[in-house]
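Single-structure report; data block below.
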Protein chains: 2
Amino acid sequence: MSKARSRRGGGRPTIADVARKAGVGAITVSRALREPGRVSEDLRRQIQAAVDELGYVPDPNARALASARAEVFGVLVPSLTNNVFAEVVRGIYDSLSDSPFRIQIGNTHYSGLEEERLLQVFGSQRPAALIVAGIDQTPSARRLLENAGCPVVQVMETGPDPVDMMVGFSHLDGGRTATEHLLQAGYRKIGFIGARMDPRSQRRLAGYRAAMETAGLFDPRLVTTTPVPSSVSLGRELFRDALAKVPTLDGVFCNNDDIALGVLFECHRASLDVPKQIGIVGFNDLDMMQVSFPSITSVRTHRYEIGTRSVAMALAAIAGNRPEQRIVDLGFELMRRESTAR
Amino acid sequence: MSKARSRRGGGRPTIADVARKAGVGAITVSRALREPGRVSEDLRRQIQAAVDELGYVPDPNARALASARAEVFGVLVPSLTNNVFAEVVRGIYDSLSDSPFRIQIGNTHYSGLEEERLLQVFGSQRPAALIVAGIDQTPSARRLLENAGCPVVQVMETGPDPVDMMVGFSHLDGGRTATEHLLQAGYRKIGFIGARMDPRSQRRLAGYRAAMETAGLFDPRLVTTTPVPSSVSLGRELFRDALAKVPTLDGVFCNNDDIALGVLFECHRASLDVPKQIGIVGFNDLDMMQVSFPSITSVRTHRYEIGTRSVAMALAAIAGNRPEQRIVDLGFELMRRESTAR
DNA sequence: CAGACAAATGGTAGCGCTACCATGACTGGC
DNA sequence: GCCAGTCATGGTAGCGCTACCATTTGTCTG
C-alpha cells in the first residue's frame, strides 16, 4: 500500500495511518483520543473503528516529546521490600490504574545522594507529578523538587514546610502516644528499640523521649538502636541487648512491627510473660499483630490511604484545581491488644 | 544569546546548546555520551565540560523516539506487597541501578486480562527488555511477548516452553520436598493449607499431593484452600477450618510463610504443641521463620537472585550474546527447623 | 606517490506526535 | 442580511534526539 515503510520504526501503525484510514487529519485523530469532546461523534466513531482495525497504540515517547510532558508519575521510596512503602505504592498504583499515567518507582535506599540522582533522572522526563517519601530532602534535592515544574507530594510525614503538598501523619505524636499508653498501663522501665533509624524513626524516638521525660522516667540506657536495616531477627537481638543493659526492663516501644515480633518471640524463648513481665508496642499495625499470641498492641498507620490520597491531590493539581488544604494529616490509631493488657 | 528560546520546552539545555558551547556538531555530543570510544579524547573532554557547565541531561523521550528503543525494563508482577515479588523486584533494581535503564513495574493483580493490558501499554514504549512473573500467560499475552521485539525473561518458575528465557525453580518439587520431609519426620495426617492459589500455589499443591499419594496417605479432606489473598490472620482461620474437618491432623504444609505463621500462632492459642502434636512447614523462608518460637521449617527460595539473574540474562541478550542456557533453575533449599523436629 | 582504507566528525532528515494558528461552516443578534 | 462569535477540522512546524550517509583527515599498501 504505502510505497515504502520508513526505514526506522517497527512498522507499527502511526497516527497518520489511522488518519488516512479514517479519512481525517492526523490532528483530529490526536484530539479524538485525548479530548473526545472536541470532535464530532461521527468522526469519533470512524476514528475509533480505524484505531481498532489497525491496532493502533499511541507512542508515549512521541507524545511526551511533542507535548513536553510525560504521562508519568515519579515515585521515590527508600525501600521496596519494607511493607510500609509497599502499601503506599500499592495505593498509588490502584489509584492510577484507570488513568493514562504510568508509574516509575525509584529506590533511594535511604540515601539523600541517591535521591538527588533519581530526581535528576526523573526530572529529565518531565513527569506529570512526583511523589516522594519523607520531608528531609537535601537542599539540592529540594531545589530539584521545586523546579520540577509539576505537582509534588511529600508523603509519610507531615511537617511545617512543604515543597508543594504533603500527606502523612506525625511520627513524633505516634511515638508519644505509644509510650504514654505503656505508662498508663503501669509499665515503668520502658525501653525504645529501633533499627534503621531513618528520620521517621528518629521522630518516633523523640516522641518516646518526650513522654518518658514528662513522666520523669527517661534514661538513655533504655534506648537501644542500630542503623542496620530492620528485621524480625534483629528485633530479637536488640531486645536481648536491651535486657542485658537493663535487666529490670518491663516494657518496650518498638520502632516497627518486625522488631516487635522479634521481641515477642524472644520473650517466648526466654519464658518472659507478655504482658505481665514485659509490655510490647509496635508501630504500623501489620496484619499479623492482631493474630500473634499474644496479640500485639500497635500504632496503626494509614499507609494505603497515604498512597491514594497523594495521587488524588496530585491529579487535582494537574487538573488545575490545587487542593486548598496542602497539608493532609491522616493521623494514626493506637490498637490496644493483649501485649499491653496487664 | 539565542535570538528566541523556542516557545515549547522548558528552556532546558538541549544537545544543540552543548554542541554550540563545545564547538562541535550535535551528533558528536550524542556519540560522546553514548559511545565515548568513537570520539577523540580531546573532544570528549570539551564536551563533558560543556555538559557539566550547562547541567545538560539528555531527554529520554526524544532519545527513545529517535532510536525507536526506550531504555526501560518493563517488569510485570502480580502483587506489590507480597514480599516474594518485592524481593525479586529489589534484585532487579539493584542490578540495574548503575545502568542507564529505567524500570517500569506493572501490577497485574493476578489477572491475565490485566497482564494483557499492561503488556500492550508497556509494548507501546518499545522497552529494552521485559521481565514477567510466571509462565501461565494467556495465549494473547504470550503473543504480545513474542512480538515485543526485545528480550523477555519469565521469572519465578521454570517450565518446558519459554517465550525467550526463564529463571526460577520448580514449585512442584518444592511442594513435594516439603511434604516428604514431614512424612520422614513421622507425620501422617498432613494437611495442605493454601491461600490465593495462583498457578504456583497450585503446583506446590500438586507436589504435596504427589508425595502423599506415593505414601498412600492422600485424602482430599486434608486439603484446605481459598482464593482469598494470603495473610497471617487467614492462615490462622484456615488452620481452624482444617482442624475442624480433620481433628486428627498432625502436620501442615503451608502454601507460604504467612500462612505458616498464622498456623503457629493458632497452635499457641489452642495449646497445641509444635512440633509434638503438629508439624509445620512454610514456603519461601522469610527472615522471621528462623526467629519464631519454635522456629519454622520452610522451603527457602532464591527470590533476590531470581531478580538479579533475570537482569543479567536480559542485559546479555541486549548486548547481543544471548546466554546459551535459556532456562535457569535456581532450585530451593529445605530449611529444617524446630517446627518439624520431633 | 597514487589509491585504498580506516577513523573522526558533521549535515540532513526524520522518529510520531501535538502546539499553534488558520480556515470554513454554522449560529444568533440587531 | 451583515457581522461577530462559536464550533469542528486541518496544515504546518517543530519537540530533542539519533540513523544514515557524507566528508575530511590521516595512515597504510604496493
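Per chain, numbering begins at 1; letters A, B, ... match sequence-line order.
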Worksheet item: Separation of B:Leu33 atom CG from D:dC17 atom P, in whole Å?
Response: 9 Å
Worksheet, complete the sentence: Separation of D:dA19 atom C1' from B:Glu35 atom CD, nearest Å, is 11 Å
Worksheet entry | Atom-pair distance (CD1 on B:Ile15; P on C:dG14), nearest Å | 19 Å
Worksheet item: Tell me, which pairs form a side chain to side chain donor-acceptor pair (under 3.5 Å) where one or both residues lie in residues 142-151 of chain B, sequence neighbours left out?
Response: B:Arg142-B:Glu146, B:Arg142-B:Asp161
Worksheet entry | Donor-acceptor contact present, side-chain B:Glu87 to main-chain B:Arg303, <3.5 Å | no
Fill in: Residue-phosphate contact under 4.0 Å: A:Ser30 side-chain N/O, C:dT18 OP1/OP2
yes
Worksheet entry | Positions of residues 36-49 of chain A (non-hydrogen atom under 4.0 Å from DNA chain D), listed by number | A:Arg38, A:Val39, A:Ser40, A:Leu43
Discussion item. Of the options C:dG10, D:dC17, C:dC17, whose atoms approach the side-chain atoms of A:Asp59 most closely?
Written reply: C:dC17
Item to complete: Flag the pair A:His109 / B:Asp94 as yes when at least one side-chain heavy-atom distance between them is below 4.5 Å, and no otherwise.
Response: yes
Item to complete: Whole angstrom is fine here: how far is it from CZ in B:Arg126 over to P in D:dC17?
Response: 19 Å
Worksheet item: Between D:dC20, D:dG16, C:dC20, which nucleotide has the shortest distance from any of its atoms to the side chain of B:Ala62?
Response: D:dG16
Worksheet item: Does B:Pro151 reach the side chain of B:Ile318, with side-chain heavy atoms less than 4.5 Å apart?
Response: yes
Worksheet item: Separation of B:Arg34 atom CZ from D:dC17 atom C1', in whole Å?
Response: 9 Å
Item to complete: Just compare D:dC17, C:dT9, C:dT18 and give me whichever is closest to any side-chain atom of B:Tyr56.
Response: D:dC17
Worksheet item: Are the side chains of B:Val77 and B:Val75 in touch, meaning some heavy atoms are under 4.5 Å apart?
Response: yes
Worksheet item: Listed by chain and number, what are the salt bridge (charged side-chain N to carboxylate O under 4.0 Å, His left out) partners of A:Arg69, not counting sequence neighbours?
Response: none
Discussion item. Can you tell me if A:Arg63 touches the phosphate of C:dC15, counting only side-chain N or O atoms and a distance under 4.0 Å to OP1 or OP2?
Written reply: no
Discussion item. Can you tell me which nucleotide in D:dT9, C:dG10, D:dG11 comes closest to the side chain of B:Ile27?
Written reply: C:dG10
Item to complete: Send over the distance from B:Arg20 CZ to C:dG10 P, rounded to a whole Å.
Response: 14 Å
Worksheet item: Any donor-acceptor pair under 3.5 Å joining the side chain of A:Arg31 to the base of D:dG10?
Response: yes
Response to the item:
Among D:dT18, C:dG16, C:dA19, the one nearest any side-chain atom of A:Thr14 is C:dG16
Worksheet entry | B:Arg309 atom CZ: more than 12 heavy-atom contacts under 6.0 Å | no
Practice prompt. Please determine, for the side chain of B:Leu65, which listed nucleotide (C:dC17, C:dC15, C:dG11) has the closest atom?
Written response: C:dC15
